[in-house]
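Step one of this worksheet: look at the structure below.
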Amino acid sequence: MSYLDKSLEEIHAALKEGKVTSSELTREALERAHASQEELNSFVTILDDAKEEEITDNVLSGIPCAIKDNLSTKGVLTTASSNILADYVPVFDATCIEKLKESGAVMMGKTVMDELGMGGTGTTGHTGVVRNPWDITRQTAGSSAGSAAAVAKGIVPYALGTDTGDSIRKPAGYCGVVGYKPTYGLVSRWGLFAFASSMDHVGCFTRKVKDVAYVIDAIKGIDERDMTSIDSSNINLVDSYTTCVKGKKLFYIKELNEELKNTPEFYDNFMKSIEYAKECGMEVEEESIDENILRSLYPSYMAISCAEATSNNSNLTGIPFGNRKEGHTPAEVMINTRTEGFSELIRRRFVLGSFILQKENQEKLFKNAQRIRRLIVDKMNELFKKYDGCIMPNTNTIAPHFGETSDVMSDNYLLFAENMVISNFGGFPSISIPSGMVEGMPVAINISGPIKTDSTVINMAAALEEKIGFVPLNVKEEK
């Protein structure tokens, strides 16, 4: 097995002992990226001039990683997978990128995403669709599609992504890797191209739960440039890491579990995960949440996210930012730029957001959506007084074939489709880990907990990971 396929601790130990060099790891990651690019389309930019880094006591030093293309990287093309930013090269690094560089990490590429972070299919990036490494006829989900695929394929041991509704955790589930969204504000959003600022989180993909602790410890911290960042000096995920979780309490949502029974293989997988949790010494109970609230999650998320996205991206006009298109007046320039620069999906969401923000619609649409958000967050906080976390299946489908899903809203959707948005509404730490296979494709469970309990959430996931014993794709392929 290549050192690139091992855990971060194992790679770091090999680097320290001189068994492999940073240059060799970086060269191998670049070779793997190029070899799989035509098949998977994981990358917008592959940095062939990526340089080795000095090996220090920091576990991330000298190890290659990939970065989602909506995080600002100084001097490196950063497009958010949109034609309107196809030539944009930032003059500054996002805070999390600064911190990675300080850790000695080697950035070897920027990954494809759904355009501007909107969409959940990995099919709307301006450079084309991202294909699932387990089955290239299937989607990865989105929006952090390329990062998930790159880690699953073994190109890099970890990658940064962002999560506004489930944009790290659902791709992680479909691709058979670990996906983590920390407490809101734990990782600074400065330098992230905003989608919906009240729900945007910077997180990561890894192949092992413990690797999450190393990555988040490296990039977290209060940032004076991000007023929503929090002081996490008392949160050390690596030092707090343990798989001894006896006495921890989890709950699952009755109404979602009832729907899960319609898909027996997923239900059986989830029940097996519950048994594993109990074998780890955790208590697991069923709790009920008003189904009307659960059915309101998706429209509420769409209302809030589209409204915030419309506001956040109002500067992409071709005048201060964006690939300018010609016009006789400033208004024509803006209309032409936005019409040609955005895909149909993005235009649709901006129109919806503008409609929601109109004065006559705010009470009925935007404020009611916020009320639903408050109801579900209050209910979860009430339950978190009794429990350490909530455990649910990541979703109740395997990765769809291309063409089977779209971004168009429908009256016919399953409760499971948007259950992970609860953690974005409340800023709760949330992790998805592989829980087995259905029809030859990976499936996952998701654990969320109260804010600032990132250590507990990671530790519960780690204990379950040991019990489940899932073998990542890159390890299967090596064998």
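- With sequence neighbours excluded, the residues forming a side chain to side chain donor-acceptor pair (under 3.5 Å) with Asp454 are Tyr180, Thr183, listed by chain and number.
- The main-chain N or O of Thr124 is found under 3.5 Å from a side-chain atom of Asp114 such that the two form a donor-acceptor pair.
- The aromatic rings of Tyr252 and Phe270 sit perpendicular to each other, their planes meeting at more than 60°, with 30° as the lower class boundary.
- A salt bridge is absent between Glu404 and Arg138; no separation between the charged side-chain nitrogens and carboxylate oxygens falls under 4.0 Å.
- In this structure, Lys272 forms a cation-pi arrangement with Tyr276, its terminal cationic atom sitting closer than 6.0 Å to the ring centre and no more than 45° off the ring axis.
- Here Lys74 does not pair with Asp93 in a salt bridge; the nearest charged N to carboxylate O distance is not below 4.0 Å.
- The pair Lys101-Glu98 does not meet the salt-bridge criterion, since no charged nitrogen lies less than 4.0 angstrom from a carboxylate oxygen.
- A salt bridge between Arg32 and Glu28 is present, with a side-chain N of the basic residue lying under 4.0 Å from a carboxylate O of the acidic one.
- Between Glu283 and Lys278 no salt bridge is recorded (no basic side-chain N to carboxylate O distance below 4.0 Å).
- In terms of modelled atom types and a separation under 3.5 Å, the side chain of Thr78 and the main chain of Val76 share a donor-acceptor contact.
- For Asp163 (side chain) and His201 (main-chain N/O), no donor-acceptor pair under 3.5 Å exists by modelled atom type.
- Here Arg207 does not pair with Asp211 in a salt bridge; the nearest charged N to carboxylate O distance is not below 4.0 Å.
- Between Lys385 and Glu382 there is no salt bridge, since none of the side-chain N atoms of the basic residue sits less than 4.0 Å from a carboxylate O of the acidic one.
- No donor-acceptor distance shorter than 3.5 angstrom exists from the side chain of Asp231 to the backbone of Ile222, with no hydrogens or angles considered.
- A distance-only check finds a donor-acceptor pair linking the side chain of Asn236 to the backbone of Asp239 [under 3.5 Å].
- Tyr241 is linked by a ring pair (Phe, Tyr, Trp, His ring centres under 6.0 Å) to nothing, counting only residues two or more places apart in sequence or in another chain.
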